[in-house]
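A quick note: this is a predicted structure, and the numbers were derived from the prediction, not measured. The chains referred to below are lettered A, B, ... by the order of the sequence lines, with proteins before strands, and numbering in each begins at 1.
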Protein chains: 2
Amino acid sequence: MKNISKEDYLSEIYKNSDENGQVKANLIAEKLQVSNAAVTDMLKKLKREGQIKYEPYRGVELTSKGKEYAKNMVRRHRIWEVFLHQIVGLPWDKVHDEAHHLEHSGSDELINKMEEMLNFPQFDPHGDPIPSKLGIVPEQKHNVALSNLKQNQKGVVIRVNDFDNNFLIYISQIGIKLKKEIKVCEVLNFDKSILVEIDGKKNNLSRTIAENIFVEIKK
Amino acid sequence: MKNISKEDYLSEIYKNSDENGQVKANLIAEKLQVSNAAVTDMLKKLKREGQIKYEPYRGVELTSKGKEYAKNMVRRHRIWEVFLHQIVGLPWDKVHDEAHHLEHSGSDELINKMEEMLNFPQFDPHGDPIPSKLGIVPEQKHNVALSNLKQNQKGVVIRVNDFDNNFLIYISQIGIKLKKEIKVCEVLNFDKSILVEIDGKKNNLSRTIAENIFVEIKK
DNA sequence: AATAAAATTTAAGGATACTTAAGTTTGTAT
DNA sequence: ATACAAACTTAAGTATCCTTAAATTTTATT
């Protein structure tokens with residue numbers, strides 16, 4: 001029998017850990033679209049297996065064992081993403097969903113072969129870091145949400161959130177991709193939307209859009 | 001919840017149907033490495049869903065609905081095999097197992113994209129036909145097991161059975177691959193093994209090996 | 001045709017992962 | 001400090017897919 005669920009729970013815990021490595025059960029339920037009761041059930045199981053630290057009514061935290069496991073899942077997911085994007089030519093907004101299914105299949109050997117073929121990429125197509133075979137997570141450049149830039153500041157896109165395909169389709173339509181320079185021309189006070197310049201063209205971005213794009217500030 | 005099992009049962013039924021489209025329950029159990037009871041259980045479920053014709057103690061047969069479903073699974077599997085072999089560079093003996101896991105993941109859209117990228121291959125790396133998007137199965141050239149050739153007959157390899165990795169490793173070591181010409185030099189009477197010539201080199205093949213290699217007879 | 005062997009099904013039960021509904025604990029607002 | 005809401009767990013039950021053991025049906029042998 002497959003371990004799809006367990007794998008999903010562990011990577012979701014990993015991806016949603018706060019600075020202290022803690023996650024709330026509810027958040028996992030929401031992300032995985034299951035009931036809270038299902039989460040409790042699974043947390044008990046994962047605790048029994050030594051993958052997480054967990055006391056009823058307290059938060060959850062990965063043990064080092066659980067963290068290794070989760071990092072490998074995230075690694076698998078992100079290598080698939082790069083592969084699908086670069087080799088198969090799948091657009092930005094399609095790779096996440098496909099990779100989510102594929103991450104549970106394919107041997108580690110295949111993943112390693114693909115990684116080599118891709119020349120050991122450090123970041124996936126959305127700018128998220130890819131843990132190495134040894135579990136080392138590449139450092140990301142210091143970055144802030146585009147929504148934090150002041151008028152006339154420039155930034156280079158380092159990462160975008162990947163949880164909404166339409167968001168990705170929209171921003172690529174207006175020319176936003178990794179490494180692209182964006183200049184904030186104006187911050188509109190009444191709705192906090194911003195007017196930006198990309199490739200010489202001006203666009204208005206809603207605050208929500210701007211909150212999901214992360215840039216390295218350029219001097 | 002995933003449908004991995006159901007998918008496996010249906011493709012296994014498809015792949016093991018005899019000339020009349022019939023399969024024995026036992027054979028499915030053996031191929032899938034599950035108990036006979038598990039097969040009975042699943043057959044009831046598949047019948048309920050209208051995927052198979054099935055009466056207790058009688059054989060199994062796919063309905064046209066089940067056949068469409070199964071052919072699509074086989075298609076997915078074989079396109080993955082070609083992709084892994086040609087694009088990722090996986091050897092002959094590795095593609096089947098990887099593809100077996102991957103065939104359950106990845107959208108039909110992805111499969112179609114890979115198929116296009118591969119220029120619509122008609123056969124997988126072992127020579128098995130790939131059903132088209134519309135369900136059309138390419139015709140194979142008339143072929144017979146190598147074990148059926150008489151002394152001094154020549155054949156071109158059209159297909160090999162793919163259920164044993166060591167078999168595949170062995171035959172590729174001695175230079176056997178699709179389209180390779182093999183000449184039968186001698187059939188040894190005492191153990192029915194055969195002496196063949198491949199690329200000018202002579203090799204002895206056991207009867208079992210020869211039974212799993214299929215050739216088009218050359219005049 | 002009787003009987004033994006082989007193939008298959010039924011019965012009972014287990015693991016995983018999910019659900020809804022009800023109950024408990026925790027934290028916050030007054 | 002209490003009371004309430006939010007967060008979480010427990011309880012009971014479902015679906016899927018599997019197991020072993022016992023019973024049944026089919027088939028092959030004499």
S.K.: Rounded off to whole Å, could you give me the NZ-to-P distance for the K24(A) and dC8(D) pair?
M.R.: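 Nearest whole value for this atom pair: 6 Å.
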S.K.: Counting just side-chain N and O atoms, does S5(A) come under 4.0 Å of either OP1 or OP2 of dT16(C)?
M.R.: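 No, because none of the side-chain N or O atoms of S5(A) sits under 4.0 Å from OP1 or OP2 of dT16(C).
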S.K.: Between C1' on dT8(C) and CD on Q22(B), what's the gap in Å once rounded to a whole number?
M.R.: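 Taking atom C1' of dT8(C) as the reference, CD of Q22(B) is at 15 Å.
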S.K.: State, yes or no, whether a side-chain contact exists between I209(A) and Y170(A) at a heavy-atom distance under 4.5 Å.
M.R.: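 Yes. Closest side-chain heavy atoms under 4.5 Å.
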S.K.: By nearest atom, which of the nucleotides dT8(C), dC18(C), dT19(D) is closest to the A38(B) side chain?
M.R.: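 Nucleotide nearest to A38(B)'s side chain: dT19(D).
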S.K.: Checking the side chain of R75(B) only, and the main-chain atoms of G135(B) only, is there a donor and an acceptor separated by less than 3.5 Å?
M.R.: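 No: the side chain of R75(B) does not pair with the backbone of G135(B).
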S.K.: Quick one: the side chain of N26(A) and the base of dC8(D), do they pair up donor-acceptor inside 3.5 Å?
M.R.: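 Checked by distance alone, the answer is no.
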S.K.: Figure out the CG/C1' separation between L10(B) and dT16(D), and round it to whole Å.
M.R.: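 Going from CG in L10(B) over to C1' in dT16(D) covers 15 Å.
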S.K.: From the list dC17(D), dA17(C), dT8(C), which nucleotide is the closest neighbour of the side chain of Y57(B)?
M.R.: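 So the side chain of Y57(B) is nearest to dT8(C).
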S.K.: Nearest of dT26(C), dT9(D), dA7(C) to any side-chain atom of N36(A)?
M.R.: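 Of all the options, the side chain of N36(A) is nearest to dT9(D).
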S.K.: Could you state the atom-to-atom distance from CE of M42(A) to P of dT19(C) in whole Å?
M.R.: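 Going from CE in M42(A) over to P in dT19(C) covers 11 Å.
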S.K.: Starting the side chain at C-beta, find the nucleotide from dC18(C), dT24(C), dA21(D) nearest to A37(B).
M.R.: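 Selected nucleotide (nearest to the side chain): dA21(D).
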S.K.: Please give, in whole Å, the distance from dT8(C) P to L43(B) CG?
M.R.: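 From L43(B) CG to dT8(C) P: 10 Å.
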S.K.: Nearest whole Å is fine: how far is dT9(C) C1' from E55(B) CD?
M.R.: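 That distance rounds to 13 Å.
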S.K.: Roughly how many Å is it from CD1 in I28(A) to C1' in dC18(C), rounded to a whole number?
M.R.: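 Distance check: I28(A) CD1 to dC18(C) C1' gives 16 Å.
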S.K.: Does the pair K94(A) and E98(A) meet the rule for a salt bridge (charged side-chain N to carboxylate O under 4.0 Å, His left out), with working shown?
M.R.: CA-CA 7 Å; K94(A) 296 270 172 66; E98(A) 294 285 356; over 6 Å; no
S.K.: Consider salt bridge (Lys or Arg N to Asp or Glu O under 4.0 Å). Of K53(B), K47(B), K24(B), K67(B), which one does E61(B) pass it with?
M.R.: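 Only one of K53(B), K47(B), K24(B), K67(B) forms a salt bridge (Lys or Arg N to Asp or Glu O under 4.0 Å) with E61(B), namely K53(B).
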S.K.: Measuring from the side chain of Y54(B) (C-beta onward, heavy atoms only), which nucleotide among dT9(C), dA17(C), dA7(C) has the closest atom?
M.R.: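 Of all the options, the side chain of Y54(B) is nearest to dT9(C).
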S.K.: Which nucleotide in the list dC18(C), dA17(C), dA7(C) gets nearest to the side chain of V34(A)?
M.R.: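 Looking only at side-chain atoms, V34(A) lies closest to dC18(C).
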S.K.: Return the nearest nucleotide to the side chain of R58(A); candidates are dT20(C), dT26(C), dC18(C).
M.R.: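 For R58(A), the side-chain atoms sit closest to dT26(C).
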S.K.: Report the nucleotide, chosen from dA17(C), dT9(C), dC8(D), that has the shortest atom-to-atom distance to any side-chain atom of K45(A).
M.R.: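 Comparing dA17(C), dT9(C), dC8(D) against the side chain of K45(A), the answer is dA17(C).
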S.K.: For the pair made of CD in E49(B) and P in dT16(D), what is the distance, rounded to whole Å?
M.R.: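 Checked: the CD to P distance equals 8 Å.
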S.K.: Take H77(B) and H96(B), measure what ring-ring contact (aromatic ring centres under 6.0 Å, His included) needs, and give me the verdict at the end.
M.R.: CA-CA 8 Å; H77(B) 179 96; H96(B) 178 83; 4.9 Å; yes
S.K.: Nearest to the side chain of S35(B) - dT10(C), dT19(D), dC18(D)?
M.R.: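 So the nucleotide nearest the side chain must be dT19(D).
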